Amino acid sequence: MIKKIIQKLLFKLDPECSHHLSFWGIRALTAFPFLKKRLIDREKINEDPRLQRQVLGLTFRHPVGLAAGFDKDAKLYQALGELGFSFVEIGTITPKGQPGNPKKRLFRLVEESAIINRMGFNNDGVDAAYLRLQKRQHRLIIGGNIGKNKATPNERAVEDYLTCFQRLFDVVDYFVVNVSSPNTPNLRDLQEKEPLLELLNRLQSENQKYQNPKPILLKIAPDLSENQLREIVEIVDESKIAGIIATNTTISREGVQSPLKSEAGGLSGAPLTERSLEVIRFLAKESQGRFPIIGVGGIMTAQDALDKLDAGAALVQLYSGFIYEGPQLITDINRALLARLEK
């Protein structure tokens with residue numbers, strides 16, 4: 001009941017305004033003792049040792065994390081960890097701070113449990129993120145999702161990714177290379193085999209200079225063809241990066257009825273559920289499990305998460321499902337996983 005009342009109030013506001021207001025709400029929920037008590041039962045479930053996963057050389061206390069895009073600037077990761085997430089992916093971070101695309105740039109398709117965004121990598125820049133992440137609690141696993149500045153031409157994109165990688169290396173546990181957002185002009189061109197291999201090989205070369213290299217993952221679009229997905233598997237094998245995050249938002253509007261479907265940007269939420277699942281299943285089969293896949297896209301229920309794990313995902317991430325269902329979805333997923341173990 002409380003969730004529905006809060007959601008109804010937030011959904012009356014502009015989506016970007018309610019996003020910022022929700023930051024205040026999450027801080028309040030985890031900061032005040034009388035509110036924090038409401039998280040105790042949920043925390044017991046999420047701390048069950050049977051949920052632990054060993055992935056990427058890291059120990060995840062359970063398989064449910066938060067996708068990039070919510071905590072873009074590493075301002076809320078500690079509170080999000082207290083809400084129940086076992087890992088939080090910050091970003092997308094670019095070398096220099098940038099305002100992103102003009103507003104209005106975030107749209108709720110409430111009747112279809114979906115979101116369209118064309119934010120455009122708005123963030124404070126890598127130095128600001130680095131300073132905030134120095135205060136991190138090590139129990140929570142942090143991923144650094146990195147990209148290029150809008151003004152950087154593709155032929156110099158590698159420099160931007162290297163800058164972010166070098167700066168964040170000491171304060172994140174794994175990296176995600178984002179070349180699949182539809183909201184930065186020409187960014188998706190970097191998904192082509194030649195430029196993508198160059199980018200990943202350069203990052204891997206830099207990675208090997210450190211005593212303890214960090215896992216590097218590639219986040220891909222759901223709009224790739226089967227041939228392109230086969231190329232992605234080849235690229236992962238050739239570059240020897242750690243794995244794939246499948247998938248980013250989609251430019252497709254297939255099956256979407258809302259008048260807002262004409263808005264430019266990436267679509268996330270329920271309309272992406274099946275396509276993301278198809279991509280995960282295809283990659284898992286094509287790769288024969290040679291590398292881990294983190295499943296994201298349209299996880300709106302516990303069953304959606306189970307389906308992605310069954311399809312071959314090692315971990316899952318929420319975004320739109322967290323917006324629409326709140327932190328209870330984390331607990332619902334973990335409860336469903338425990339129920340399976342108890343059968």
Side-chain angles (χ1 to χ4, degrees), residues 53 55 63-70 85 87-89 91-92 108-109 112-119 143 145 176-183 187-188 191 217-233 235-236 243-258 261 265-287 289 291-325 329-330 332-333 336-337:
R53 300 258 171 147
V55 185
V64 188
L66 181 66
F70 190 87
F85 288 108
F87 63 110
V88 172
E89 196 169 300
T92 296
R108 290 191 214 94
L109 288 65
E112 300 187 74
S113 298
I115 295 170
I116 292 174
N117 93 83
R118 52 171 181 265
M119 304 300 287
N145 187 300
V176 179
V177 178
N178 188 353
V179 292
S180 52
S181 170
N183 302 318
L187 182 73
R188 284 189 170 195
Q191 289 184 117
L217 296 97
L218 173 67
K219 189 165 187 175
I220 63 170
D223 309 307
L224 300 177
S225 67
E226 287 194 355
N227 284 337
Q228 288 173 312
L229 289 173
R230 287 190 187 95
E231 278 197 344
I232 291 293
V233 173
I235 288 167
V236 174
I244 288 178
I245 296 186
T247 62
N248 212 321
T249 57
T250 179
I251 56 174
S252 170
R253 299 295 187 265
E254 183 178 354
V256 178
Q257 302 300 317
S258 170
K261 68 180 182 180
L267 175 76
S268 62
L272 188 53
T273 304
E274 288 306 314
R275 177 54 187 164
S276 175
L277 186 62
E278 289 171 3
V279 171
I280 292 166
R281 189 178 289 121
F282 183 90
L283 290 172
K285 182 179 179 182
E286 195 70 21
S287 68
F291 50 78
I293 300 165
I294 298 180
V296 57
I299 299 176
M300 314 302 288
T301 67
Q303 188 60 53
D304 292 335
L306 295 182
D307 289 345
K308 284 182 167 49
L309 293 168
D310 291 343
L315 305 166
V316 294
Q317 291 178 324
L318 308 181
Y319 184 82
S320 297
F322 178 56
I323 303 296
Y324 279 96
E325 302 300 327
L329 182 55
I330 309 166
D332 290 346
I333 294 168
L337 286 168

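It should be emphasised that the depicted structure is a prediction, and the values quoted were computed from it without experimental measurement.
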With respect to Ile244, which candidate in Leu217, Val236, Ile280 satisfies the side chain to side chain contact (heavy atoms under 4.5 Å, CB included) definition? Val236
Which atom of [X] lies closest to which atom of [Y], heavy atoms considered:
{"X": "Ser320", "Y": "Ile115", "result": "OG-CD1, 3.7 Å"}
{"X": "Ser268", "Y": "Tyr319", "result": "OG-CD2, 4.4 Å"}
{"X": "Ala336", "Y": "Leu306", "result": "CB-CD1, 3.9 Å"}
{"X": "Ala314", "Y": "Pro63", "result": "O-CB, 4.2 Å"}
{"X": "Val316", "Y": "Lys308", "result": "CG1-CB, 4.1 Å"}
{"X": "Gly266", "Y": "Asn183", "result": "N-OD1, 3.7 Å"}

Any side-chain heavy-atom pair of [X] and [Y] under 4.5 Å:
{"X": "Leu329", "Y": "Tyr324", "value": "no"}
{"X": "Leu267", "Y": "Leu272", "value": "no"}
{"X": "Arg188", "Y": "Asp223", "value": "yes"}
{"X": "Ile299", "Y": "Ile333", "value": "yes"}
{"X": "Thr249", "Y": "Pro182", "value": "yes"}
{"X": "Leu283", "Y": "Leu229", "value": "yes"}
{"X": "Ile294", "Y": "Val55", "value": "no"}
{"X": "Glu89", "Y": "Asn178", "value": "no"}

Could you give all pairs that pass the salt bridge (Lys or Arg N to Asp or Glu O under 4.0 Å) test and reach residues 269-284, with sequence neighbours left out? Arg275-Glu278
Straight-line distance of [X] [atom1] to [Y] [atom2], nearest 0.5 Å:
{"X": "Ile323", "Y": "Phe70", "atom1": "CD1", "atom2": "CZ", "value": "5.0 Å"}
{"X": "Phe85", "Y": "Gln317", "atom1": "CZ", "atom2": "CD", "value": "9.5 Å"}
{"X": "Asn248", "Y": "Thr92", "atom1": "CG", "atom2": "OG1", "value": "7.5 Å"}
{"X": "Thr250", "Y": "Ile116", "atom1": "OG1", "atom2": "CD1", "value": "10.5 Å"}
{"X": "Ser258", "Y": "Arg108", "atom1": "OG", "atom2": "CZ", "value": "12.5 Å"}

Are a donor atom and an acceptor atom from the side chains of Glu231 and Asn227 found within less than 3.5 Å of each other? no
Run the numbers on Gln191 and Gln228 for side chain to side chain donor-acceptor pair (under 3.5 Å), then give the verdict. CA-CA 9 Å; Gln191 289 184 117; Gln228 288 173 312; over 6 Å; no
Verdict with reasoning, Thr273 to Asp304, per side chain to side chain donor-acceptor pair (under 3.5 Å): CA-CA 7 Å; Thr273 304; Asp304 292 335; 4.5 Å; no
Could you check whether any side-chain N or O of Glu112 sits under 3.5 Å from a backbone N or O of Pro271, counting only pairs where one atom can act as donor and the other as acceptor? no
For Lys219, is there any backbone N or O sitting under 3.5 Å from a side-chain donor or acceptor partner on Ser180? yes
